[in-house]
Structure formats: C-alpha cells, structure tokens
Amino acid sequence: MNAGFWTAPGGAEQAIKVFPIDEESLNASSGSLTAAGGLAKLAALDSAELAKRCPNAIDLLSKVVAAIASQKTDAPTRLFRLGNLHDLERKLIADVLGEGEVAGFVALPDGSLAQIQESALAGIWHLRLETDANHEYLEVGAIPEIVKRAAADLTTADFEIGQAPEGAMNALPVLAEIREHALAWRPSIRSQMINFTLLPMSPVDMSFLQDTIGNGPIQLVSRGYGTCRVLSTAIRNVWSVQFFNAMDAIILDTLEVGGVPTVAIAADEDFEDSAERLQEIIEAYFK
C-alpha cells in the first residue's frame, strides 16, 4: 500500500488534545469528559446552588440552545464569548458540553494556534487562541468560521508543476488534474476526489506530489466511525483526507478538491438533535 499523501511520524494516533487546557473540571476530576461524564457530575450537585453560582453560564447555554435550534448548515455561524464567565462557570460549560468527535487546530500567521474542539453536542464548537486564554468562545455552526477563513486566506490559488524527478510514474497527470479542479472549483460545484489507494503511485510520485502541493494551516481529526484525518494543503480548495483502521493503517487515502470535507462538518439533523439534547439538560439540571 502507498505510504499516503501525508504521514505523521507517529501515525494517526498522535492525539489532538484541546480541552480542558491546564484546567480541571467540576469537583477537581482531571482529564477529558464526554457529555455523559459531565452529566454524572451535574447530577450530584444541587441545581439551585448551581443556578445561583453560575447565572451567566446558564444564560449562555440558553442562548446556545436558541441559536442551534434555528441553525442551518449553509448559514453563518454564531459566536458566544466566554470572557465574562468566572472559572466555575467555564468548568460548568465544559462539563455540560463534553468533547465530541472532531478536534484540531488552525496555524495562524503569527505562529500561534487556534485550538478547536467539537462538543459532544454536534454543531457546538469550543475554540481558544493559544496565545490568549481569555480569547475563548463557543461557536454554533457546521464548522468554525476560522477554518473556512484560513482555508481561503492562508493558502494560494495556483501552483506550478515542475519537472518530475526520475522514477515518477503518474505524478504529472495527477497534479495537472488537481490544478484544473482547484482553479475551477466554486461552492456550487460538487467536490472532486482523487483516490490514491487505487492509483498506481510510486513513493517518488507521492513525495513529488507532497512537495509540490505543500502543507496548509489546518489539521482536523474525526474519531467517529474509526479515525479520519483532514489536512488542508497549501493550495486553496485542496485537502488531504485519510481514513485509518483500528491498527492505525491507512485504508483510504484521498485528496479532495472542494470546500471543507464533509467528514468534519455538522449537518442540519445534528443541529436539531443537539438543540433537543441541550434543552433537556438545562431543564433537568438547572430548573
């Protein structure tokens, strides 16, 4: 099998760990939380006391419910800043939302990272700028806006195809196809996929391809049904999408030409389900 368009030194299981960052959750139990883990803690706390001590957090969660209930995949995202919350309120938010399937980061021009964690309620995202712990917010939408902005603003529209090295087999026609699709793609056009798992690409081909296209600013990992790694390339609208089995071996290695790959995006039915679940949480534990 081909080595893949992009291979991490340690394989797919280099975990992207985003939240909590240097914090503990309610009742000082460290480590990541699923929504079930957070709710188990909430059940042991007095709801009246929580409402009294965390009014801003509960008000914010109510606003998030209203936002996600009306959210659509193609609609602008909604932001809810956490800067006005004290530590206990932030921990409460983290416990209620938990951690979902998608996590990652965006590398910013100043060298810092924007850290991204989807909550256990799909379509609700938790973001923080690495250089500013106070710049932390929730975002409701299909994918955080910073991902789409980086994919458009921190990549280049075109690239030159140089002379193929000795031993290359199919790199030149594949690069020509990628360039053609990338330049022609518009949001109304269906994404195009190139499947390296089925193509006869030599290691020389893959190395030349990666050197030509380069690495982009976005890395996302989805751990829904197996592990999927999504990387932006240096070329606008071109993404590496790789799927791994339980043994951390690549089982599907592709380049997608189009918008943010759908494997990382929340769908309309996710918004409906998350709104219902979050409303149930609020009514059960805070009212």
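What you see is a predicted model; the values in this text were computed from it and never measured. Throughout, residue positions are numbered sequentially from 1 according to the sequence presented.
Every residue two or more places apart in sequence or in another chain was checked for a salt bridge (charged side-chain N to carboxylate O under 4.0 Å, His left out) with Lys72, and none qualifies. In this view, Arg81 satisfies the side chain to side chain donor-acceptor pair (under 3.5 Å) rule with no residue, not counting sequence neighbours. By the salt bridge (charged side-chain N to carboxylate O under 4.0 Å, His left out) test, Asp74 is found to be paired with no residue, residues two or more places apart in sequence or in another chain being considered. Every residue meeting the side chain to side chain contact (heavy atoms under 4.5 Å, CB included) condition with Gln279, not counting sequence neighbours, appears here in chain and number order: Val65, Glu283, Lys287. Every residue two or more places apart in sequence or in another chain that forms a side chain to side chain contact (heavy atoms under 4.5 Å, CB included) with Ala114 is listed here: Val106, Leu108, Leu129, Ile146. For Leu154, the side chain to side chain contact (heavy atoms under 4.5 Å, CB included) partners at least two apart in sequence or on another chain are Pro109, Ala150, Pro217. The side chain to side chain donor-acceptor pair (under 3.5 Å) check on Thr212 picks up nothing, with sequence neighbours excluded. Residues that satisfy the ring pair (Phe, Tyr, Trp, His ring centres under 6.0 Å) test with Phe80, not counting sequence neighbours, are absent from this structure.
For residues 174-193, the pairs satisfying side-chain hydrogen bond (donor to acceptor under 3.5 Å, both in side chains) are Asp158-Arg179, with sequence neighbours left out. Identified under the salt bridge (Lys or Arg N to Asp or Glu O under 4.0 Å) test for residues 59-68, with sequence neighbours left out: Asp59-Lys63.
Side-chain N or O atoms of Thr227 include none that pairs as donor or acceptor with a backbone N or O of Arg223 at under 3.5 Å. Checking side-chain atoms of Glu89 against main-chain N and O of His86 turns up a donor-acceptor pair under 3.5 Å. Side chain of Thr77 to backbone of Pro144: no donor-acceptor contact under 3.5 angstrom is found. No donor-acceptor distance shorter than 3.5 angstrom exists from the side chain of Ser207 to the backbone of Val204, with no hydrogens or angles considered.
The pair Glu280-Arg277 does not count as a salt bridge, with every side-chain nitrogen at least 4.0 angstrom from each carboxylate oxygen.
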> side chain to side chain contact (heavy atoms under 4.5 Å, CB included) between Thr254 and Trp239: does it pass, once the steps are laid out?
Replying inline: CA-CA 8 Å; Thr254 70; Trp239 305 78; over 6 Å; no
>> Show, in sequence, the C-alpha distance, side-chain angles and deciding distance for Glu130 and Ser112, and conclude whether the side-chain hydrogen bond (donor to acceptor under 3.5 Å, both in side chains) test is met.
In response: CA-CA 6 Å; Glu130 184 183 48; Ser112 66; 5.3 Å; no
> Should Val147 and Ile116 be marked as a side chain to side chain contact (heavy atoms under 4.5 Å, CB included) after you check the CA-CA gap, both sets of side-chain angles, and the distance that decides it?
Replying inline: CA-CA 9 Å; Val147 173; Ile116 301 167; 3.5 Å; yes
>> Please evaluate residues Phe196 and Leu198 with respect to the criterion side chain to side chain contact (heavy atoms under 4.5 Å, CB included), reporting the C-alpha separation (whole Å), side-chain torsions for both, the decisive distance (0.1 Å), and the verdict.
In response: CA-CA 5 Å; Phe196 294 126; Leu198 302 177; over 6 Å; no
>> For Phe105 and Ile218: C-alpha separation, side-chain torsions, deciding distance, then whether side chain to side chain contact (heavy atoms under 4.5 Å, CB included) applies.
In response: CA-CA 6 Å; Phe105 58 81; Ile218 303 161; over 6 Å; no
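Here the side chains of Leu61 and Ile93 are in contact, with some heavy-atom distance below 4.5 Å. Contact of the Asn215 side chain with the Leu231 side chain is not registered, since no non-hydrogen atoms from C-beta on lie closer than 4.5 Å. Residues Leu79 and Val140 fail the side-chain proximity criterion, which asks for heavy atoms closer than 4.5 Å. Looking at heavy atoms from C-beta onward, Ile251 lies out of side-chain contact with Thr197 at the 4.5 angstrom threshold. Inter-residue side-chain proximity for Val257 and Ile235 is flagged as unmet; no heavy-atom pair is nearer than 4.5 Å. Arg53 places a side-chain heavy atom less than 4.5 Å from the side chain of Leu88. Here the side chains of Val241 and Cys228 are in contact, with some heavy-atom distance below 4.5 Å. Contact annotation: the side chain of Asp211 never approaches that of Met206 to less than 4.5 Å [non-hydrogen atoms, C-beta and beyond].
In summary, of the residues considered (Val230, Leu220, Ile143), a side-chain contact (heavy atoms from CB on, under 4.5 Å) with Pro261 occurs for Val230 alone.
Taking both residues in full, the closest heavy atoms of Ala157 and Arg236 are given as CB-NH1, 3.5 Å, listed atom of the first, atom of the second, then distance. For the pair Gln71 and Pro76, the tightest heavy-atom approach, listed with the atom from each and the gap, is NE2-O, 3.2 Å. Nearest heavy-atom pair across Leu85 and Ala57 is CD2-N, 3.9 Å. Closest approach of Leu175 and Phe159 over heavy atoms only: O-CZ, 3.7 Å.
For the atom pair NZ of Lys148 and CG of Asp153, the computed distance is 12.5 Å after rounding to the nearest 0.5 Å. Atom CG in Asp87 sits 12.5 Å away from atom CG in Leu92 (nearest 0.5 Å). The line from CG of Leu60 to SG of Cys54 is 12.0 Å long, rounded to the nearest 0.5 Å. Taking CG of Asp253 as the reference point, atom OG of Ser240 lies at 6.0 Å (rounded to 0.5 Å). Rounded to the nearest 0.5 Å, atoms CG (Asp95) and CZ (Arg90) are 14.5 Å apart. To the nearest 0.5 Å, the span separating CD1 on Ile178 from CD on Glu256 amounts to 12.0 Å.
Side-chain atoms of Gln115 and Arg128 include no donor-acceptor pair closer than 3.5 Å. Side chains of Glu136 and His126: a donor-acceptor N/O pair is present below 3.5 angstrom, by distance only.
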Side-chain donor-acceptor distances from residues 161-172 under 3.5 Å, at least two apart:
unit_1 : atom_1 : unit_2 : atom_2 : d
Asn170 : ND2    : Pro200 : O      : 2.8

Donor-acceptor contacts, no H, no angles, side chain residues 262-273, under 3.5 Å, sequence neighbours left out:
unit_1 : atom_1 : unit_2 : atom_2 : d
Asp268 : OD1    : Thr73  : N      : 2.7
Asp268 : OD1    : Thr73  : OG1    : 2.8
Asp270 : OD2    : Ala267 : N      : 2.8

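Both Ile213 and Leu199 are assigned to one and the same hydrophobic cluster, defined by single-linkage of ILVMFWY side chains at heavy-atom distances under 4.5 Å. One hydrophobic cluster, built from ILVMFWY side chains closer than 4.5 Å, holds both Ile282 and Val64. When hydrophobic clusters are built by joining Ile, Leu, Val, Met, Phe, Trp and Tyr residues whose side-chain heavy atoms come closer than 4.5 Å, directly or via intermediates, Met193 is not grouped with Met201.
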